[in-house]
Amino acid sequence: MSPDADSAIRDPYAFAGHGEFRERIRHLLAQSVLPHADEWERSARIPAKGWRALGEQGLLGFGHSGEDFLRSAVFLEELGRTGYAGVRAAVGVHAYMAASYLELFGTAEQKAGYLPRIRSGELVVALAISEDEAGSDLSRLATEALSADESGRYVNGCKRPVANGSQADLIVTLVRTRQATSERGLTGASLVLVDAHSPGVTRRPEPMLGMRSADVCRIDFDQVKVGHDQLLGRQDRALMHLMKALDFERLVAGILAVGGVHSCLALLGAFVREHRVGGAPLAAKQAVKHRLADLVAEFELVRHFAYRAAWRHSQGDLDSQTASILKLKATELAVETAQVCVQYHGARGYAEGSAAARHYRDAMAGTIAAGASELMRDMIFEGMSYEL
Ligand SMILES: Cc1cc2nc3c(=O)[nH]c(=O)nc-3n(C[C@H](O)[C@H](O)[C@H](O)COP(=O)(O)OP(=O)(O)OC[C@H]3O[C@@H](n4cnc5c(N)ncnc54)[C@H](O)[C@@H]3O)c2cc1C
């Protein structure tokens, strides 16, 4: 029912040694994530020693571009396949979504100062873009760093929700550095690297329905000093940077969700074969078989599209429409699969501590975080270029 490590070698987007690489990643995640993930869910974070263990195994340092990203795609799918979307969100934000801003727009000093410590897990990084009034519509951005002197700027405002919020040492933060010149679009914004331990930074947990180990917080900034050397990329030109980084974020979120669907399908497939109703396994019923068959068919299509999108990114050719299609389809399939998973588990799937319930809670975050499904549909429509 699900593609195994060996069959992956036949995928057109596979690289040399793909199968062995996938096996190794699966083995490392089984050691460094699975034995601890329930505890991380309970404590709502990956603890410092968990981050360091991931770093020591090399799991926080796969590449963001070129052929290296094909290895990342395998890692991200396998991370999603652990079935713990909170863990995958925390690691995804740290090693990919937030780190990508440094990779893409950081100075040589910023890269040398932060990236090795991010890859080793010594330093945890968060990405603070969203605000109460600025989620899908970033033109409402209110956090500002308008006042400046010769040594730097002062950040004021509130970011929420922010994954890795309480554990972060570094916060890649979107701020307004110039008064908006237009009602529409994001103008006059910049990215800054905020030291999370600076005076004036206050972090408060904001417990979520799901993705519990993602350590989601509200972060308040009150006159937080950032030096001029903490500006990331071009001043007042964050929109240009975000357009590139958000496509990457959606690619990553989509591949992670593909792994999540894989995990949920495996749980569902095992359950319907084993659980008996009316003297026969659920899987003996045609309605059940066909429901699972539809999900498997959708999964295989989305999974292939995910690797196609990863390959396009590796060629420097990822476009917003492709990233949005993947993010939309993978996260919506995760919701559908999790709903079927709970349904066929019956009451035992609705129990608080069950894996089916965790998939169900987690899946609903996927269609909101990293761009709501409706925004993805807008982007897909914008990219439509078919001719009669
Ligand atoms: C678990 C979790 C972790 C997160 N982590 C981070 C993080 O680390 N850093 C960060 O910066 N942000 C984070 N976010 C925030 C996330 O990026 C935002 O939730 C997302 O961008 C949507 O913004 P919003 O929630 O403000 O919804 P809004 O923009 O207020 O939209 C509300 C709803 O309106 C609908 N909608 C929106 N736009 C349209 C449209 N054009 N047409 C029709 N309907 C529409 C959608 O259904 C949407 O869900 C996280 C969110 C979650 C759930």
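Whatever order the structure lists ligands and atoms in, that order sets their numbers, starting from 1.
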Could you tell me whether Phe75 and Phe21 have their ring centroids closer than 6.0 angstrom? no

What about Tyr96 and His64, are their ring centers closer than 6.0 Å? yes

I want to know if ligand 1 touches Asp132 in the polar sense, i.e. an N/O pair below 3.5 angstrom. no

Which ligand 1 atoms, with their elements, are less than 4.0 angstrom from a heavy-atom of [X]?
| X | answer |
| --- | --- |
| Val162 | 7 (C), 8 (O) |
| Ala372 | 46 (C), 48 (C), 49 (O) |
| Leu127 | 7 (C), 8 (O), 9 (N), 10 (C), 11 (O) |
| Ile368 | 19 (O), 20 (C), 22 (C) |
| Ile129 | 10 (C), 11 (O) |
| Ala163 | 5 (N), 7 (C), 8 (O) |

Which residue holds the protein heavy atom closest to [atom], what is that atom called, and what is the gap in Å?
| atom | result |
| --- | --- |
| atom 24 (P) of ligand 1 | Gly135 CA, 4.0 Å |
| atom 12 (N) of ligand 1 | Ser130 OG, 2.7 Å |
| atom 36 (N) of ligand 1 | Glu374 CB, 4.1 Å |
| atom 13 (C) of ligand 1 | Pro161 O, 3.0 Å |

Any non-hydrogen protein atom less than 4.0 Å away from [atom]:
| atom | value |
| --- | --- |
| atom 5 (N) of ligand 1 | yes |
| atom 41 (N) of ligand 1 | yes |
| atom 32 (C) of ligand 1 | no |

Anything under 30° is parallel, anything over 60° is perpendicular, the rest tilted; go ahead and classify Phe271 against His275. parallel

If you count every heavy atom of other residues, nucleotides or ligands that lies below 6.0 Å from Met243 atom CE, does the total exceed 12? no

Greater than 12 external heavy atoms within 6.0 Å of Gln315's CD: yes

In the structure I gave you, are the side-chain heavy atoms of [X] and [Y] within less than 4.5 Å of one another anywhere?
| X | Y | value |
| --- | --- | --- |
| Glu206 | Asp215 | no |
| Ser32 | Leu59 | yes |
| Glu144 | Arg153 | no |

Is Glu78 salt-bridged to Arg81, cutoff N-O under 4.0 Å? yes

I'd like to know if Arg218 and Asp220 make a salt bridge, using a cut-off of under 4.0 Å between side-chain N and carboxylate O. yes

For [X], which part has a heavy atom under 4.0 Å from ligand 1: side chain, backbone, both, or neither?
| X | value |
| --- | --- |
| Asn164 | neither |
| Ser136 | both |
| Ala370 | backbone |

Can you check which of Ala369, Gly165, Cys217 brings a heavy atom nearest to atom 52 (C) of ligand 1? Ala369

Minimum distance, heavy atoms only, to atom 1 (C) of ligand 1: which one of Gly371, Ala365, Ser373 is it? Ala365

Could you give the side-chain donor-acceptor pairs of residues 334-346 under 3.5 Å, partners two or more places apart or in another chain?
| unit_1 | atom_1 | unit_2 | atom_2 | d |
| --- | --- | --- | --- | --- |
| Glu336 | OE2 | Arg291 | NH2 | 3.0 |
| Thr337 | OG1 | Leu333 | O | 2.7 |
| His345 | ND1 | Cys341 | O | 2.8 |

Examine ligand 1 and decide if any of its atoms is less than 4.0 Å from a heavy atom belonging to Ala214. no

Show your working on side chain to side chain donor-acceptor pair (under 3.5 Å) between Tyr84 and Asp362 and close with a plain yes or no. CA-CA 8 Å; Tyr84 289 86; Asp362 287 350; over 6 Å; no

